[in-house]
Amino acid sequence: MPADAAFMDKLVALCKRRGFIFQSSEIYGGIGGFWDYGPLGVELKRNIKNRWWHDHVTNPPTGPDGHEIQMVGLDCSIIMNPKVWEASGHATGFADPMVTCLAETCNKLMRADQVLGLWVRESRSAEFVDVTAADAVLGDARNQATAPLVTSQTTEELLVGLLATKDFKKSTITPTRFGNDPRSAYEIRNRNGRVFAGIIAPITNWAELRKSLPCPACSTIGSLTEPRAFNLMFKTHYGALEVASSMTYLRPETAQGIFCNFKNILDTSRVKIPFGIAQIGKAFRNEVNPRNFIFRSREFEQMEIEFFCREEDSMDWYQFWRNTRYNWYVNLGLKSEKLRLRDQTAEELAHYSKACADIEYLFPFSDEFQELEGCAHRGCFDLTQHEKHSGVDLHYFEETLWSEFLAKRKAAGEPELTKEQKSELGGKPPYRYLPTVIEPSAGADRATLAFLCEAYSEDQKPDAKGVMQTRVYMKFHPKLAPIKAAFLPLVNKEGMPEIAEKLYRDAKKHFNVFFDDGGAIGRRYARQDEAGTPFCITIDGDTLGKEGAANPGTVTIRDRDSLKQDRVGLEHVVGWLKERLGAL
RNA sequence: GCGGGUGUAGCUCAGUGGUAGAGCGUCACGUUGCCAACGUGAAUGUCGUGGGUUCAAGUCCCAUCACCCGCUCCA
């Protein structure tokens, strides 16, 4: 659905023309799903990452408890022990079997487990029902329907999954038998008392089964391919000898490196719960189909925080991060209604998650909002998994709370606890526990793309010859702009270039600034507009203090968005910029 | 992965079998007095890649790669 394909085309062309983003390996014909950041792009993306690091790690905000939050940074290796990915679930969870419908008018690609949802059979036709929205069609089936459920999961897993869906919550399931069908058969009675007949069987003979299976989308019988493994993990080998035992993966997310270092950080950095660990780094996913410029690429960069807190405070911290992260985007210029904060519905949540909010942007390539960042309440799922798989104790011990407790007992004259009592009491909450995790996980490339889309602006106005011209300008927040200011001698004579260059050299000590003496002033302004430079500083006759100058010793500073010009004294220019650009 | 579309100069694109083009941009020199100014000059392409048909291929055929749209996915 190209919501505004023309807009997207113009933006992509500008990115390439001005050196924001290039296709990777372009001279060799490119490579799908990989992109390079050019001179302007790298500045923009780095500004975004630096801003994020500054705002959350080096100068974190005040938390809901009124204290500045504790944050530390981390930079983990991309390649880790493959057991990490077994523990996290990625090794299996990222390998979905997919089937394609080969019917000419259909050609749909779907996850095999979705195809194998719920089939309701009535006399000769079979109809597919999404198990999450089964009610209407099941009603039509007049309770007589045979509903074979087949899946690559085990029968038990499937039943658990079925009971988790909206329509079958609180169903009772009783083993039964349909005629001579050898597969496991069940009578399913839902909470409204409606009775369904279901056959549940693991897929062992797809080749046979698919001949009779209709496509969920077009209902053509036997048009589905066999499930093929779509593995989203990037396999690689460590060690020069490529053997099975040296196989591992490039990380699909940076978060697991944080969990694996949880204990190291506790032992070395004097942080106490609540605290957060932040990481910026590359991650890799073999996307089925990388699309939409840098939005979905196979190599991408994440900005992730794992914030560890007590279970009882977790919803406060969740709300805090959800709002803090949303406001971060708004304050850096994603001000339009194209940015939204959306709470996930109960159905969307992972089974271990209490809450999750997505920060979404309405990109021009789609008429649906797309995720920039997910702020998830992950419970203690990840640490539990790593504890289980690694065998290492990852529990947190509240030393202060424990010694306060002991001191209080002593003061009250209570008898000293025995060793056994101590380990019994101190070994469980509130003294010893697995912390709950709030995870704001952002895509740096997606953020970059959103800022690019939001910044792209056009003005129509007549030029010197009266011909309508389009002015294209990138309305970046000054803190994100790749180039902060350009220094331009109005004309190349009478000492203007020399003054401009000296001023440029002064400013360059503090900011990424640019010097341009080539071409007419209007053209130079236009070039800076396309690069998104917020300020153009022009050295003119007044600067030189020429006869009749109204403002001797001043330069003009042109604002990119309003086109208004201020006159500022030469010696105040750097200070003027500092006021507007901040320290970073 | 399946189906459809596209690929010619830095960018946007024209070119339906017979000497590769335009606009914009870029560079140089001259000029210059605030919003893509003007003059003069210049550079730039193995027409995505490989193979085939033909006297002759940017153009026709096959393969391949990349990008765009849909299915799917989610940072």
Side-chain angles (χ1 to χ4, degrees), chain A residues 1-2 5 8-10 12-19 22-34 94 96 98-111 114 217-218 225 228-230 232 252-255 282-283 285-297 300-304 358-360 365-366 370-374 439-447 449 459 461-465 467 469-473 488-494 496 518-530 536 538 540-542 544 546 556 558 560 563 565:
Chain A
M1 283 284 172
M8 197 62 202
D9 287 349
K10 282 193 281 191
V12 172
L14 182 138
C15 283
K16 190 170 183 194
R17 176 158 43 87
R18 296 312 306 259
F22 306 117
Q23 195 188 358
S24 169
S25 321
E26 201 181 350
I27 62 168
Y28 288 99
I31 175 169
F34 299 90
F94 262 34
D96 292 326
M98 309 285 281
V99 297
T100 308
C101 175
L102 296 178
E104 263 175 47
T105 51
C106 186
N107 292 313
K108 278 199 166 47
L109 172 74
M110 45 225 134
R111 266 175 31 204
Q114 285 178 354
C218 69
T225 62
R228 289 165 295 189
F230 275 54
L232 267 57
E253 62 172 37
T254 62
K282 293 269 183 131
R285 296 183 190 180
N286 256 322
E287 296 293 342
V288 175
N289 203 342
R291 282 285 165 88
N292 294 326
F293 202 30
I294 57 171
F295 180 78
R296 171 165 292 112
S297 48
F300 60 102
E301 198 154 18
Q302 293 183 303
M303 305 187 288
E304 291 198 294
D358 287 343
I359 298 168
E360 302 179 323
F365 54 74
S366 170
Q370 308 280 337
E371 186 178 348
L372 288 183
E373 171 163 350
E439 179 193 76
S441 168
D445 307 87
R446 290 183 174 188
L449 184 58
D459 272 349
K461 62 175 219 172
D463 66 10
K465 286 178 285 188
V467 182
Q469 294 286 350
T470 304
R471 179 174 85 107
V472 174
Y473 61 111
L488 316 168
L490 185 59
V491 289
N492 271 325
K493 60 181 187 185
E494 296 172 23
M496 289 183 202
I521 191 69
R523 179 179 305 277
R524 282 179 278 161
Y525 285 150
R527 283 199 278 245
Q528 293 307 317
D529 286 342
E530 273 196 344
C536 281
T538 306
D540 61 9
D542 275 24
L544 304 172
K546 287 174 74 171
T556 65
R558 167 191 181 268
R560 175 197 61 206
L563 301 181
Q565 288 180 307

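Remember, predicted model here, so these are calculated numbers, not experimental data. Excluded from the calculations below are hydrogen atoms, water molecules and symmetry mates; all remaining heavy atoms, backbone and side chain alike, are included. Below, chain A is the first sequence line, B the second, and so on; all start at residue 1.
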Query - Atom pair CG/SG of Leu449(A) and Cys15(A) - distance to nearest 0.5 Å - result: 7.5 Å
Requested in this report: Flag this pair as yes if the NZ/CZ of Arg446(A) is under 6.0 angstrom from the six-membered ring centre of Phe295(A) and inside a 45 degree cone about the axis; otherwise no.
Outcome: yes
**Report entry** Partner nucleotide of U32(B) by Watson-Crick or wobble geometry (both distances under 3.5 Å)
**Finding:** none
Report summary line: Applying the 3.5 Å cut-off to both distances, the Watson-Crick or G-U partner of U54(B) turns out to be none
Query raised in the report: Is Ser24(A) touching bases, backbone alone, or none of the nucleic acid, heavy atoms closer than 4.0 Å?
Result: nothing
**Report entry** Whole angstrom value for the distance that separates C1' of G10(B) from CD of Glu26(A)
**Finding:** 10 Å
**Report entry** C1' gap between C71(B) and U44(B), integer Å
**Finding:** 42 Å
Report summary line: Protein heavy-atom contacts under 4.0 Å, written 5' to 3' over nucleotides 21-34 of chain B as B (base), S (sugar-phosphate only) or - (none), form the string ----SS-----BBB
Query - Integer angstrom distance from the C1' of G7(B) to that of C34(B) - result: 42 Å
Query raised in the report: So what does Gly19(A) hit on the nucleic acid, given a heavy-atom distance under 4.0 Å: a base, only sugar-phosphate, or nothing?
Result: nothing
Query raised in the report: Counting side-chain heavy atoms from CB outward, which of C69(B), U12(B), A36(B) is closest to Asn292(A)?
Result: C69(B)
Report task. Return the 5'-most residue of the pair Phe34(A), Glu371(A) with respect to RNA chain B, ranking by each residue's nearest nucleotide. Result -> Phe34(A)
Report task. Would you mind classifying the nucleic acid contact of Phe293(A) as base, sugar-phosphate or nothing, using non-hydrogen atoms under 4.0 angstrom? Result -> sugar-phosphate
**Report entry** Nucleotide of C68(B), C35(B), C74(B) approaching Arg291(A) most closely (side-chain heavy atoms)
**Finding:** C68(B)
Report summary line: Leu232(A) atom CG is separated from G1(B) atom P, nearest whole Å, by 14 Å
Query raised in the report: Counting N and O atoms only, with roles assigned by atom type, does the side chain of Asp358(A) sit under 3.5 Å from a partner on the main chain of Glu360(A), one being a donor and the other an acceptor?
Result: no
Query - Test side chain to side chain contact (heavy atoms under 4.5 Å, CB included) applied to Met496(A) and Leu488(A), Thr538(A), Val491(A), the passing residue - result: Val491(A)
Query raised in the report: Within this structure, what is the CD-to-P distance between Glu253(A) and C74(B), rounded to whole angstrom?
Result: 13 Å
Query - From Gln528(A) atom CD to Arg560(A) atom CZ, the distance as rounded to the nearest 0.5 Å - result: 11.0 Å
**Report entry** Ion pair check, Glu301(A) and Lys282(A), cut-off under 4.0 Å
**Finding:** no
Requested in this report: Tell me what Glu373(A) touches on the nucleic acid: a base, only sugar-phosphate, or nothing, going by heavy atoms under 4.0 Å.
Outcome: sugar-phosphate
Query raised in the report: Whom does G3(B) pair with, Watson-Crick or G-U wobble, provided both distances fall under 3.5 Å?
Result: C69(B)
Query raised in the report: With sugar-phosphate meaning primed atoms plus P, OP1 and OP2, does Leu488(A) contact a base, only sugar-phosphate, or nothing at under 4.0 Å between heavy atoms?
Result: nothing
**Report entry** Watson-Crick/G-U partner (both atom distances under 3.5 Å) of C13(B)
**Finding:** G21(B)
Requested in this report: Return the value, rounded to whole Å, for the distance between atom CG of Asn286(A) and atom C1' of G1(B).
Outcome: 13 Å
Query raised in the report: In Watson-Crick or G-U wobble terms, both distances under 3.5 Å, what is the partner of U26(B)?
Result: A42(B)
Query - Minimum heavy-atom distance between Arg524(A) and Gly518(A), given as atom pair plus value - result: CG-O, 3.3 Å
**Report entry** Sugar-phosphate only, base, or nothing, as touched by Leu372(A) at under 4.0 Å among non-hydrogen atoms
**Finding:** sugar-phosphate
Report task. Please work out if Glu439(A) contacts a base, only the sugar-phosphate, or nothing of the nucleic acid, heavy-atom cut-off 4.0 Å. Result -> nothing
Query raised in the report: Which value, in whole Å, describes the distance between the P atoms of nucleotides U49(B) and U8(B)?
Result: 10 Å
Query raised in the report: Separation of Leu14(A) atom CG from G10(B) atom C1', in whole Å?
Result: 13 Å
Query - Under the ring-ring contact (aromatic ring centres under 6.0 Å, His included) test, residues paired with Phe293(A) that sit two or more places apart - result: Trp35(A)
Requested in this report: State whether the distance check finds a donor on one side and an acceptor on the other, under 3.5 Å, for side chain Glu360(A) versus base A75(B).
Outcome: no
Report task. With sequence neighbours excluded, tell me which residues meet salt bridge (charged side-chain N to carboxylate O under 4.0 Å, His left out) with Asp529(A). Result -> Arg471(A), Arg558(A)
Query raised in the report: So what does Glu287(A) touch, heavy atoms closer than 4.0 Å: a base, only the sugar-phosphate, or nothing?
Result: base
